[in-house]
Structure formats: structure tokens, C-alpha cells
Undergrad: 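I have a structure I would like to understand better, so I am pasting it below and will then ask my questions one at a time.
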Amino acid sequence: MKNVGQQLTSGAASGFASTIALQPFDLLKTRLQQGDSLEHQRPSIYRTARGIVQTNGLRGLWRGTSPSLVRNVPGVALYMTGLTQLRTFMATSPYFKGIQTEETKHSSVLPKLTSQGNLVSGAVARVAVGFVMNPFSVLKARFESNIYAYETLSGAFVSIVRLGPSELLKGFSATSLRDAPYAGLFVAFYEGFKRQATMIIPPDRLGQSTLIHSLSAAGAGALATMATHPFDVIKTKLQVRNEDRYRGFLRTVNTIWKHQGFAGYFEGASLRLSRKVLSSAIGWAVYECMLVLIRT
């Protein structure tokens, strides 16, 4: 459990920075995905954003920031710390240990693993943290939605808790099916992109390392996001809709397919893609660069 405090601090800073900067993307994505699949008129990003600004002003685009911070700051800190610790442990195995070159040694503080190790470490760390933080994911989704008339964060959380454990874990199956492949693919792509980038940009200085981390994370985030977005749509509907047709994972999948077809699984994809690309670029650059600065 080496350097856990440093990793938690860096991860918390990463989660805070990306959440504050990108909350409007999350809010708009939730509003687009919350709609009933039976509705014929689907709102556009522009109309949704304009409606929020007209009703609540520009500050309205940051509605849900508090629950996002409650979920993301500890969530990102736990995920990045857990991922780093798990990778450190896995690097002791000959099967998972990757080859450390002089270039990769200076490009990242993360232990090097094989492709299989990258996939496994990302998926396991993400699902484990997702289980712990799922109640806050439900809180965040409902607070961002305009279906629930929540006034305060504490009041919203108490109302969800009163509905029982099943409500606190609502959407976890869809979240896991989204997060396990997303995190596994992200880490594999991220490490691969960094390896290639160091051949073009020598990571000799902090600025060059930051650029490598940002570009690599952005590319990895884009590919992993599009591969897993349908599960994000399913998760949101499970967490914010109360109709019988959205009770359960398979029933929700069938409802979307029946009334919207294939396109229904990609509601809000452009917003989530934009947010994931930017949050990955900001988050991993902040995390790795903070660890480098702390350790120097």
C-alpha cells in the first residue's frame, strides 16, 4: 500500500477539476436520456440547453454539481488509487508484468502491464468502485433530472434511502456492463497511446509529459466511450424512470429497441463523448502530473 495518500490526493484533485469544468455536459446528457422511449418528439441538445438557461440562467447548467462532486471526488480518488495499487500488485506476476523501457519509465508513474493486465486492472478497479459509489450515482442522476423535485442534496439522499437497498443499487447491472469494458478498454488504449506517443514526443519535461497524458487519455476515452455508450443510456433510464416498462435491465433494453430502434441506445452520445474525452484528458493529466510533482 505504498504512496496511497499521494494517490488519493492526486485522484481527488483530478475528480474535482474535471467535475467543475464539465458538469454541463453531464446535466444535458441526463436530460436527453431521461425521456420516455414512447415520446415521438425527442429534444435536441440546443433546445434542452436553451430551456435550462431561460428558466434558471447560466447557473442552471451546473445543477447537480454538488452530487457530482460527492460522487466523483471520492470516486475518482478511489478508482485511480485502486487502479494504481492493483497494477502494482499485478506487476509482481510474470504473466501480467509489462516491459519497462527507458521511454515508458519517464512517461508515466503507473506500473507497466501486459495488454491483458491493462484490461483486467481497469475493469476490476472500476466495477469495485462503482459498487461502492452506486448510491451516489443514483442521487446524481435524479438530481440532474427534472423529473424529481429535489430541493436539497440531503433531502434527496434521504428520500432514496427510504426506498430501500434495491433503490440504492438501481442501475448497477447496467453500470457494470458499461464500466467494466469501458475501463478495461480505456486503460489498454491509454497505455498503448502513451507508448506510441513517447516515440514522437520525448517525455523529458513536465509539459511534454502532460501533453502525452492528455492526448493519450483523450484518444482512449473516445474509443472506449463509443463502445460502451448503450449501457449508459440503459443505466440512466433505470435510475430515473419509474414506469413498469423500465423495471429491470432486459425490459429496459426491449423498451428502447421497440420504440426507438438502434438509435435509441445512443441518446446523448455526443455529450458523453465530449465529456469523456475532456475529463479523461484533464483527469489523467492532473493525476499523473501531481504524482510526479509530489514525488520530486
Side-chain angles (χ1 to χ4, degrees), residues 23-56 60-61 63-64 67-68 71 127 130 134-150 156 159-160 163-164 166-182 185 221-277:
Q23 176 61 21
F25 289 92
D26 257 0
L27 176 71
L28 290 170
K29 177 181 72 68
T30 298
R31 294 289 176 90
L32 288 175
Q33 291 179 349
Q34 74 179 17
D36 190 347
S37 298
L38 273 63
E39 297 172 359
H40 298 294
Q41 185 74 22
R42 308 304 298 171
S44 67
I45 296 173
Y46 173 73
R47 264 205 322 271
T48 302
R50 186 179 64 180
I52 293 170
V53 172
Q54 286 176 344
T55 305
N56 304 110
L61 293 173
R63 176 176 169 82
S68 290
R71 188 199 70 168
V127 171
N134 197 78
F136 300 104
S137 294
V138 175
L139 176 65
K140 173 182 176 295
R142 293 187 180 181
F143 213 90
E144 290 172 351
S145 166
N146 58 4
I147 295 176
Y148 299 85
Y150 294 141
S159 69
I160 295 171
L163 295 172
S166 62
E167 205 71 14
L168 293 172
L169 293 175
K170 206 166 189 179
F172 177 67
S173 56
T175 301
S176 298
L177 288 170
R178 177 199 68 181
D179 286 354
Y182 172 84
L185 289 171
L223 293 175
T225 295
M226 292 312 295
T228 59
H229 187 75
F231 296 109
D232 188 68
V233 176
I234 297 165
K235 173 205 71 93
T236 300
K237 292 193 186 297
L238 281 169
Q239 291 179 339
V240 303
R241 304 298 310 192
N242 288 317
E243 296 88 344
D244 284 341
R245 54 184 169 273
Y246 296 110
R247 299 279 183 181
F249 179 82
L250 292 178
R251 190 178 294 182
T252 301
V253 170
N254 184 60
T255 299
I256 296 171
W257 177 260
K258 183 178 179 181
H259 298 284
Q260 292 178 267
F262 185 73
Y265 298 113
F266 287 88
E267 282 182 321
S270 60
L271 286 166
R272 182 168 177 253
L273 180 63
S274 301
R275 192 207 183 283
K276 282 293 185 182
V277 167

Undergrad: How many angstroms lie between atom OH of Y265 and atom CD1 of I256, to the nearest 0.5 angstrom?
TA: 5.5 Å
Undergrad: Looking at R247 and N242, what are the two nearest heavy atoms and their distance?
TA: NH2-O, 3.1 Å
Undergrad: Shortest non-hydrogen contact from N134 to F172?
TA: OD1-CA, 3.7 Å
Undergrad: Go through it in stages, so that I can follow the logic: the residues are L61 and V53, the test is side-chain contact (heavy atoms from CB on, under 4.5 Å), and I'd like the CA-CA distance, side-chain angles, deciding distance and then a yes or no.
TA: CA-CA 7 Å; L61 293 173; V53 172; 4.0 Å; yes
Undergrad: Indicate whether the side chain of E267 and that of Q260 have a donor and an acceptor atom separated by less than 3.5 Å.
TA: yes
Undergrad: Ignoring hydrogens and geometry, is there a side-chain-to-backbone donor-acceptor pair from T55 to I52 under 3.5 Å?
TA: no
Undergrad: How long is the gap from CG on L177 to NZ on K235, to the nearest 0.5 Å?
TA: 13.0 Å
Undergrad: Grab the two heavy atoms, one from G268 and one from L32, that are nearest each other, plus how far apart they are.
TA: CA-CD1, 4.2 Å
Undergrad: For the backbone of R245 and the side chain of T255, can you confirm whether one donor and one acceptor N or O come within less than 3.5 Å of each other?
TA: yes
Undergrad: Is there side-chain contact between R275 and D26, with heavy atoms separated by less than 4.5 Å?
TA: yes
Undergrad: Out of curiosity, I234 CD1 to H229 NE2, how far, rounded to the nearest 0.5 Å?
TA: 10.0 Å
Undergrad: Could you pull out the closest heavy-atom pair between S137 and R71, with the gap in Å?
TA: OG-CD, 3.2 Å
Undergrad: Heavy atoms, side chains only, cut-off 4.5 Å: are P135 and E167 in contact?
TA: no
Undergrad: Quick check: closest heavy atoms across I160 and L139, and the distance to 0.1 Å?
TA: CD1-CA, 3.8 Å
Undergrad: For I45 and L271, what are the C-alpha separation, side-chain angles and deciding distance, and is it a side-chain contact (heavy atoms from CB on, under 4.5 Å)?
TA: CA-CA 8 Å; I45 296 173; L271 286 166; 3.9 Å; yes
Undergrad: If you define the side chain from C-beta out and look only at heavy atoms, does anything of V233 sit under 4.5 Å from F266?
TA: no
Undergrad: Please round to the nearest 0.5 Å and tell me the distance separating atom CD of Q34 and atom CD of Q239.
TA: 12.5 Å
Undergrad: Once rounded to the nearest 0.5 Å, what's the spacing between atom CZ of F143 and atom NZ of K140?
TA: 12.0 Å
Undergrad: Closest heavy-atom contact between R63 and L27?
TA: O-CD1, 3.7 Å
Undergrad: Which value, rounded to the nearest 0.5 Å, describes the distance between S173 atom OG and L238 atom CG?
TA: 6.0 Å
Undergrad: Give the C-alpha distance, both sets of side-chain angles, the deciding distance and a yes or no for side-chain contact (heavy atoms from CB on, under 4.5 Å) between R251 and D244.
TA: CA-CA 9 Å; R251 190 178 294 182; D244 284 341; 4.1 Å; yes
Undergrad: Checking R272 side chain against K29 main chain: does a donor-acceptor pair fall under 3.5 Å?
TA: no
Undergrad: Among R178, K276, K237, which residue satisfies the side chain to side chain contact (heavy atoms under 4.5 Å, CB included) criterion with D232?
TA: R178
